[in-house]
2 protein chains.
Amino acid sequence: MPKAVTLSDVAREAGVDLSTASRVLRGTGRVSATTRQRILDAADRLDFRPNAQAQFLATGISKTVGVLTINGYGTFTLPVLAGLTSTLGQQDVATLLYDVREDPEILQESVKKFRARQIDGLLVLGDGLQAPLHSVTANLQVPVVYAFATSDSPDDSCFMPDGEMAGRIAAEHLLALGRRRIATVTAADDIAAADRTRGLVETIRSAGGSLALDQPLERDWTRLWGAEAAERIADRIDEVDAVFCGNDQIALGILGVLRARGIRVPEDVALVGYDNWEGMVGQGNNLLTTVDPRLSEIGAAAARALVHAIDGSAAPGAHHEPCELVTGESTLGVGAAGPRDATTYR
Amino acid sequence: MPKAVTLSDVAREAGVDLSTASRVLRGTGRVSATTRQRILDAADRLDFRPNAQAQFLATGISKTVGVLTINGYGTFTLPVLAGLTSTLGQQDVATLLYDVREDPEILQESVKKFRARQIDGLLVLGDGLQAPLHSVTANLQVPVVYAFATSDSPDDSCFMPDGEMAGRIAAEHLLALGRRRIATVTAADDIAAADRTRGLVETIRSAGGSLALDQPLERDWTRLWGAEAAERIADRIDEVDAVFCGNDQIALGILGVLRARGIRVPEDVALVGYDNWEGMVGQGNNLLTTVDPRLSEIGAAAARALVHAIDGSAAPGAHHEPCELVTGESTLGVGAAGPRDATTYR
DNA sequence: CTGAAAGCGCTTACAG
DNA sequence: CTGAAAGCGCTTACAG
């Protein structure tokens with residue numbers, strides 16, 4: 001292991017004190033142009049990399065943040081996590097991850113470990129569904145940001161997908177295609193589902209219409225529920241020419257039954273899903289028109305917010321990140337859109 | 001911000017020198033039982049957490065590892081990444097992630113940043129498909145482990161799913177169910193596909209049989225290919241009573257066409273997929289019997305190997321992590337297996 | 001068994 | 001504008 005070159009090496013090479021070298025390398029304090037150049041050259045020549053650990057000790061900044069994960073391996077949290085860590089990595093900050101699994105004891109453990117490690121901030125990664133998390137902000141003396149979760153304290157900085165926007169862009173797309181009898185099939189008793197439904201219904205109302213079948217059809221997130229709902233829709237097919245589905249599973253369930261009953265998609269009934277599940281799995285079949293929540297962007301936004309908060313400018317409150325419509329055959333028909341031809345609404 | 005308690009505080013509280021306190025707290029060197037106890041009590045009373053940054057500087061260990069990601073947001077790399085970071089987190093080591101996107105310049109960049117940060121080791125996270133990665137082991141003076149990838153240097157420590165085992169347990173399951181005319185539909189020109197096929201064929205041969213339809217049907221990983229292959233199978237239905245599919249997409253494509261043509265699954269043809277894609281998406285429909293590559297375990301195993309390598313005991317060579325059969329309706333029929341009732345083969 | 005001292009590699013008032 | 005010094009909080013030979 002070749003001895004690493006240190007700041008003293010650079011100082012000696014440039015013939016100055018190491019405090020002077022430190023100043024020019026951090027760009028702080030006045031230094032004469034020639035001295036500065038000499039030092040910069042020396043650093044360059046020696047290919048100097050400051051020892052981050054030493055800097056951390058001297059400055060009290062660790063350039064590492066803690067990440068607390070509620071359901072670390074959840075399909076939907078995975079992209080958020082990747083967005084988090086990769087954005088943090090770009091900013092040169094490391095990540096110390098603990099999977100909490102809603103176990104309060106582990107939480108205590110983690111907080112202790114975090115303290116030892118002098119983390120600069122904490123990211124709490126939820127599962128995107130649950131009720132508000134109990135705020136841990138007060139327990140720490142570093143900034144906290146909640147990603148894919150909300151906290152029960154209104155001053156906390158939280159990042160979530162914009163469910164209302166999802167409903168809105170789905171409605172706008174369907175209305176633009178001339179659909180006027182838009183129904184929705186989704187999960188019951190779910191805040192996220194309710195947000196999407198609200199965005200949908202409000203947009204339909206603004207256009208002078210109302211939700212087809214009067215009420216949302218609500219039960220759960222499964223393909224099976226989609227299939228059953230499709231039977232009901234098929235029985236009242238005159239009243240429906242489009243369905244916004246709570247997720248892609250439901251959409252797929254509906255698609256299968258509708259086709260089996262001889263109802264054409266999208267000619268008779270257009271379908272819009274949510275999750276961009278195919279996109280996630282990298283297939284790009286373009287079967288379904290769907291709303292992509294851009295989960296990795298949720299993580300990225302939360303990470304950026306945390307870095308800013310560490311720098312002193314917090315962004316308290318709930319933030320809803322924009323989603324994106326990804327068009328496919330279930331609204332445009334076969335061959336209408338190129339593969340992964342995403343239309344972005346803002 | 002309440003001043004943190006330091007080792008000197010503990011030493012003073014216990015009435016000893018801080019070097020002595022350091023020794024007992026790290027469990028190194030002989031110290032009398034009573035002194036030891038006094039120090040331990042003091043540390044406890046003060047709730048002392050050693051400043052990790054200071055320890056790092058003093059010992060030269062950073063407790064952070066670099067992670068280089070080839071395709072950071074790939075559906076299949078996501079669980080591996082989560083397995084990595086979470087296993088590392090449990091061991092109290094932080095993670096510094098850079099997404100390389102096969103860009104050699106970024107790689108150089110990253111190596112420099114890693115050097116500055118004194119990382120203890122490096123994890124290279126591949127995409128599970130590509131040809132061997134170019135080994136970067138020689139460029140660093142810290143241990144390197146490749147996860148979900150192989151390197152072009154045979155001494156490197158690499159962790160991959162066990163593709164042959166996947167084919168084997170699929171075959172064993174189908175044979176156990178009495179199937180004797182097993183075909184396979186998979187991708188062409190793909191090492192991973194070839195491994196699974198080999199495991200399948202060898203197991204069938206050991207049982208005294210041979211692959212149905214003589215040859216593997218090979219093209220790509222899409223559902224569309226599954227559907228087309230299913231047409232061919234349907235035309236020669238007498239020769240086939242089971243299909244091992246290269247992935248779940250293909251399986252789903254086959255399933256749809258077979259049913260549309262009045263061929264019963266699993267009664268006439270049993271289907272086994274690969275990826276446990278449904279499981280990934282958290283639905284647990286149990287529609288498909290499939291082989292779960294346990295991707296997060298790949299990451300976990302690689303992380304453990306890296307930690308061991310850092311401690312001095314490397315595990316060079318290619319490691320194939322066991323996969324797992326997850327049974328579903330496509331081989332056992334409706335209601336046969338409970339939800340996510342996984343059968344583990346070893 | 002225990003203490004006094006040097007050192008890890010930087011940063012940052014403080015003088016001059 | 002630049003240098004000498006103290007300090008960040010620990011670890012670890014080295015004496016005694």
Side-chain angles (χ1 to χ4, degrees), chain A residues 1-40 42-43 46-64 92 113-120, chain B residues 1-40 42-43 46-64 92 113-120:
Chain A
M1 192 126 116
K3 196 90 185 61
V5 9
T6 98
L7 186 58
S8 322
D9 297 332
V10 176
R12 192 177 329 108
E13 173 87 5
V16 300
D17 187 82
L18 92 170
S19 62
T20 308
S22 173
R23 266 180 230 115
V24 348
L25 259 15
R26 345 191 69 220
T28 149
R30 337 249 106 254
V31 179
S32 79
T34 67
T35 320
R36 160 188 317 280
Q37 203 46 246
R38 263 218 320 287
I39 294 170
L40 258 19
L46 298 167
D47 193 22
F48 170 66
R49 306 287 143 189
N51 181 322
Q53 304 303 334
Q55 290 182 308
F56 298 163
L57 182 58
T59 61
I61 292 169
S62 68
K63 284 271 196 180
T64 111
D92 228 20
K113 287 185 174 180
F114 286 150
R115 255 213 296 152
R117 204 129 174 174
Q118 320 280 113
I119 59 162
D120 296 335
Chain B
M1 191 125 118
K3 196 91 185 59
V5 9
T6 100
L7 186 59
S8 323
D9 297 333
V10 175
R12 193 178 327 107
E13 174 87 4
V16 300
D17 187 83
L18 91 169
S19 62
T20 308
S22 173
R23 267 180 230 115
V24 350
L25 260 14
R26 345 191 70 219
T28 150
R30 338 249 104 254
V31 180
S32 79
T34 67
T35 321
R36 161 188 317 280
Q37 203 46 247
R38 262 216 324 286
I39 293 170
L40 257 20
L46 267 34
D47 194 22
F48 170 66
R49 307 285 144 192
N51 181 322
Q53 304 303 334
Q55 290 182 308
F56 298 163
L57 183 57
T59 60
I61 291 169
S62 68
K63 284 270 195 182
T64 111
D92 229 21
K113 288 185 173 179
F114 285 150
R115 256 212 297 152
R117 212 141 165 164
Q118 321 280 111
I119 59 161
D120 296 334

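Chain naming here is simple, since letters A, B, ... match the order of the sequence lines and numbering starts at 1 in each. Computed over heavy atoms, backbone and side chain alike; hydrogens, waters and symmetry mates excluded. Computed from a predicted model, the values in this text were never measured in an experiment.
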Point to revise | Where at least one partner belongs to residues 50-61 of chain A, residue pairs that pass salt bridge (charged side-chain N to carboxylate O under 4.0 Å, His left out), sequence neighbours excluded | key: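 Salt bridge (charged side-chain N to carboxylate O under 4.0 Å, His left out) check on residues 50-61 of chain A returns no pairs.
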Practice item. State which residues pass side chain to side chain donor-acceptor pair (under 3.5 Å) with A/T64; sequence neighbours excluded, sorted by chain then number. Key: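 Counting only residues at least two positions away or on another chain, A/T64 forms no side chain to side chain donor-acceptor pair (under 3.5 Å).
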Point to revise | side chain to side chain donor-acceptor pair (under 3.5 Å) involving A/T35 - partner list, sequence neighbours excluded | key: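 Side chain to side chain donor-acceptor pair (under 3.5 Å) check on A/T35 returns A/S32.
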Review point. Taking a pair as Watson-Crick (N1 to N3 plus N6-O4 or O6-N4) or G-U wobble (N1-O2 and O6-N3), both under 3.5 Å, which stems of 3 or more consecutive pairs involve DNA chain C?
Key: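 For DNA chain C the paired stretches long enough to count as stems (3 pairs minimum) are C:1-3 with D:14-16, C:5-12 with D:5-12, C:14-16 with D:1-3.
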Point to revise | With A/F114 via ring pair (Phe, Tyr, Trp, His ring centres under 6.0 Å) - residues at least two apart | key: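 A/F114 satisfies ring pair (Phe, Tyr, Trp, His ring centres under 6.0 Å) with A/Y98 once adjacent residues are dropped.
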Practice item. Kindly state each residue pair satisfying side-chain hydrogen bond (donor to acceptor under 3.5 Å, both in side chains) with at least one member in residues 47-57 of chain A, sequence neighbours excluded. Key: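 Residue pairs with at least one partner in residues 47-57 of chain A: A/D47-A/R49, A/D47-B/R115.
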Practice item. Any side-chain hydrogen bond (donor to acceptor under 3.5 Å, both in side chains) involving residues 7-20 of chain B? Give me the pairs, sequence neighbours left out, ordered by first then second residue. Key: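 Every pair satisfying side-chain hydrogen bond (donor to acceptor under 3.5 Å, both in side chains) with a residue in residues 7-20 of chain B: B/T6-B/S8, B/D9-B/R12, B/E13-B/R45, B/D17-B/S19.
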Study note, to complete from the structure: In B/S/- notation (B base, S sugar-phosphate only, - none; protein heavy atoms under 4.0 Å), nucleotides 9-16 of chain C written 5' to 3' is BBBBB---
Review point. With sequence neighbours excluded, what pairs up with B/L40 under the side-chain contact (heavy atoms from CB on, under 4.5 Å) test?
Key: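 B/L40: side-chain contact (heavy atoms from CB on, under 4.5 Å) contacts with B/V24, B/L25, B/R36, B/Q37.
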